[in-house]
Visitor: 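Dropping a structure here in structure tokens format, bear with me for questions.
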2 protein chains.
Amino acid sequence: MVELRDTQQSRVIGQKVLRPREQVEERIRVAILSGELKTGDLLPPEVELARQFNVSRTTVREALRSLTTQGLIYKVPGSRGGNFVQLIDHHSLGTAVIDSVHNLLTLGSIEFTEVAEVRQHLEVPAVRLAAANRSAEDLERLRDIVRRQKSASVDDPEVPKLDEQFHSLIAQASGNRVLASFVSALHHETEPVHYLDLSPDVGRATVRQHKAIVDAIAAQDPDAAEDAIVKHLTYLRKHLAAHVKR
Amino acid sequence: MVELRDTQQSRVIGQKVLRPREQVEERIRVAILSGELKTGDLLPPEVELARQFNVSRTTVREALRSLTTQGLIYKVPGSRGGNFVQLIDHHSLGTAVIDSVHNLLTLGSIEFTEVAEVRQHLEVPAVRLAAANRSAEDLERLRDIVRRQKSASVDDPEVPKLDEQFHSLIAQASGNRVLASFVSALHHETEPVHYLDLSPDVGRATVRQHKAIVDAIAAQDPDAAEDAIVKHLTYLRKHLAAHVKR
DNA sequence: AGCCGTGACATTGTCCAACAATGAACCGCT
DNA sequence: AGCGGTTCATTGTTGGACAATGTCACGGCT
């Protein structure tokens, strides 16, 4: 947090010396972020890149490895393989959040309840916006999910996936992609716990609550929607609290 | 989204073949996430790791490069250097969000308004919680910042930093670290724009609004705090909208 | 004694040249 | 048309060398 400021000489001539790997990485990064390289484009082979940048293939590979880890490119071995520019849309934000939150949770650097709390703070606006902005298609897809949830048995392996889809779809219907990414990421990290115990009672109650949410969205009634989702989340939290066994 | 399920043979014997680099990376990752390696610990030198895993140093280096990019370790060249386990706390989440949102914004994959909207949805609960949970020290620090903002001239290079600190501190005072990380990340990505034009009028209005927020937090009045922050954010948005020149 | 340069040293950073693994396209056989 | 092997471009891994970096200890200078 300490900030060093050059009080005497504010003119700067020298810049930080960048190592070869950093320069290569940066050049490729701006090529991607500037749109010079588009999604799906194939980068030149590593030997060719090494030639162009006049560095060794090893250095190029370290730069590419870093870019891969950042999710900007992906590598494909084999004859028609190579380094391709990765699709970068709002889902990237979701996975970035998932990864980071997951790490922090397993390290104990943050508490589960903090995540759940933020999730609720985001799901309420999400469902309100969904009620206001939902398309006919959104509604149909939500109804379809609830239908399938109703018919699924408790131990059906589809259950968690359906639940994830339900909440993600609502967030998507809000029309705000950042909000959608956050909600589905936080859902992903908070929900898994309650798959372990799932009595038929809880299953039925969940479906009933989901239906109430969808009805409010169908009626385009944000207040009712908020009410329904708060009830749902509160129910889940109470139910979860009864099963903290770890 | 397609899920392939083996309908005929549900017994799985073979697992995916992992490349050496992946195995090394994974082993080190779990060592860190399990707590076997703690913050600040020094990993064995690369040649030693190569010996232990029985792979080449190059392979070890690729694994370490990836872990570095993920923020799990950091590298220090030189005699007493090496690969150290990075501190991983909730700030990691903030920087992860900043990076991803920044990429998406420059690529045009998300809209500025979506980020700003989510920011507001998070700052409202943040300020309410801050009003409820704030410590005496939090309050003193907030007052100190407002004091300094009052005395700072419009073109003072400290101004943006103070603003960032102000909003981050409030989020921190909420007591929810996930919330704090999100708020400061989104603030970081949405605020820079309005540094460009900063008339003395706007500066004074901002400080006045900040003071109102702090007063509400001091009085531990969540409703008043919400009211104040909404007014503030609305003012900023209106002011920003008048200057969309890019 | 304290300060400053200087050189040794451990470690990461880069280079090079080769070979292994991968997987798509091609070709020929039936 | 389908099947199986071959070719080939590309990434993945290896081993070994040298360069760059930054800490430490030492020694000389003041």
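The figures that follow rest on heavy atoms only: side chains count, while hydrogens, waters and symmetry mates do not.
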Visitor: Side chains of His188(B) and Val97(B), heavy atoms from C-beta outward: is any pair under 4.5 Å?
Guide: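 His188(B) does not reach Val97(B) side chain to side chain.
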Visitor: Please report the distance, rounded to the nearest Å, between CD in Glu46(B) and C1' in dA20(D).
Guide: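 After rounding, the gap between these two atoms is 14 Å.
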Visitor: Per the side chain to side chain contact (heavy atoms under 4.5 Å, CB included) rule, which among Ile170(A), Asn176(A), Leu122(A), Val178(A) passes with Val183(A)?
Guide: Leu122(A)
Visitor: Quick one: is dT14(D) close enough that its OP1 or OP2 comes under 4.0 Å of any side-chain N or O from Thr59(B)?
Guide: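 Checking dT14(D) against Thr59(B), a side-chain N or O does come within under 4.0 Å of OP1 or OP2.
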Visitor: Are side-chain heavy atoms of Ser100(B) and Leu104(B) found at a separation under 4.5 Å?
Guide: yes
Visitor: What's the closest nucleotide to the Arg65(A) side chain, out of dC15(C), dG12(D), dT23(D)?
Guide: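 Per side-chain heavy atoms of Arg65(A), the pick is dG12(D).
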Visitor: Consider the side chain of Pro45(B), meaning its heavy atoms from C-beta on, and name the nucleotide among dA25(C), dC24(D), dT11(C) that approaches it most closely.
Guide: dT11(C)
Visitor: Can you tell me the distance, in whole Å, between the CZ atom of Arg61(B) and the P atom of dT14(C)?
Guide: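 Atom CZ in Arg61(B) sits about 7 Å away from atom P in dT14(C).
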Visitor: On DNA chain C, compare the nucleotides closest to Leu64(B) and Val76(A); which residue's is nearer the 5' end?
Guide: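 Its nearest nucleotide lies further toward 5', so the answer is Leu64(B).
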Visitor: If I take atom CZ in residue Phe53(A) and atom C1' in nucleotide dT14(C), what distance separates them, rounded to the nearest angstrom?
Guide: 16 Å
Visitor: 5'-most contact on DNA chain C: Ser79(A) or Glu22(A), nearest heavy atom basis?
Guide: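 Per heavy-atom nearest nucleotide, the more 5' residue is Glu22(A).
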Visitor: Can you check the Phe84(A) CZ to dA24(C) P distance for me, whole Å?
Guide: 10 Å
Visitor: Any donor-acceptor pair under 3.5 Å between the side chain of Arg57(B) and the base of dG13(C)?
Guide: yes
Visitor: Between Ile32(A) and Gln86(A), is there a side-chain heavy-atom distance shorter than 4.5 Å?
Guide: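 Of all side-chain heavy-atom pairs linking Ile32(A) with Gln86(A), none is under 4.5 Å.
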Visitor: Would you kindly give the CG-to-P distance between Leu18(A) and dT21(D), to the nearest whole Å?
Guide: 12 Å
Visitor: Rounded to the nearest angstrom, tell me the gap between atom CG in Leu42(B) and atom P in dT23(D).
Guide: 14 Å
Visitor: Between Gly81(A) and Pro20(B), which has a closest nucleotide on DNA chain D that is more 5'?
Guide: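 The answer here is Gly81(A).
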Visitor: Looking at the side chain of Lys75(B), which of dT12(C), dT11(D), dT23(D) is the nearest nucleotide?
Guide: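 Nearest to the side chain of Lys75(B) among the choices is dT12(C).
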Visitor: Round to a whole Å and report the spacing from CD of Glu48(B) to C1' of dT12(C).
Guide: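 It is 15 Å, rounded to the nearest whole Å.
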Visitor: With nearest nucleotide decided by heavy atoms, which residue, Val17(A) or Arg21(B), maps closer to the 5′ end of DNA chain D?
Guide: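 Here Arg21(B) is the residue nearer the 5' end.
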Visitor: In this structure, how many angstroms lie between the C1' atom of dC15(C) and the CZ atom of Arg19(A), rounded?
Guide: 16 Å
Visitor: Does Ser56(A) place a side-chain N or O at less than 4.0 Å from the phosphate oxygens OP1/OP2 of dC15(C)?
Guide: yes
Visitor: Would you say the side chain of Asn83(A) lies within less than 4.5 Å of the side chain of Glu46(A), judging by non-hydrogen atoms?
Guide: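 A side-chain contact exists here, since the closest heavy-atom pair is under 4.5 Å.
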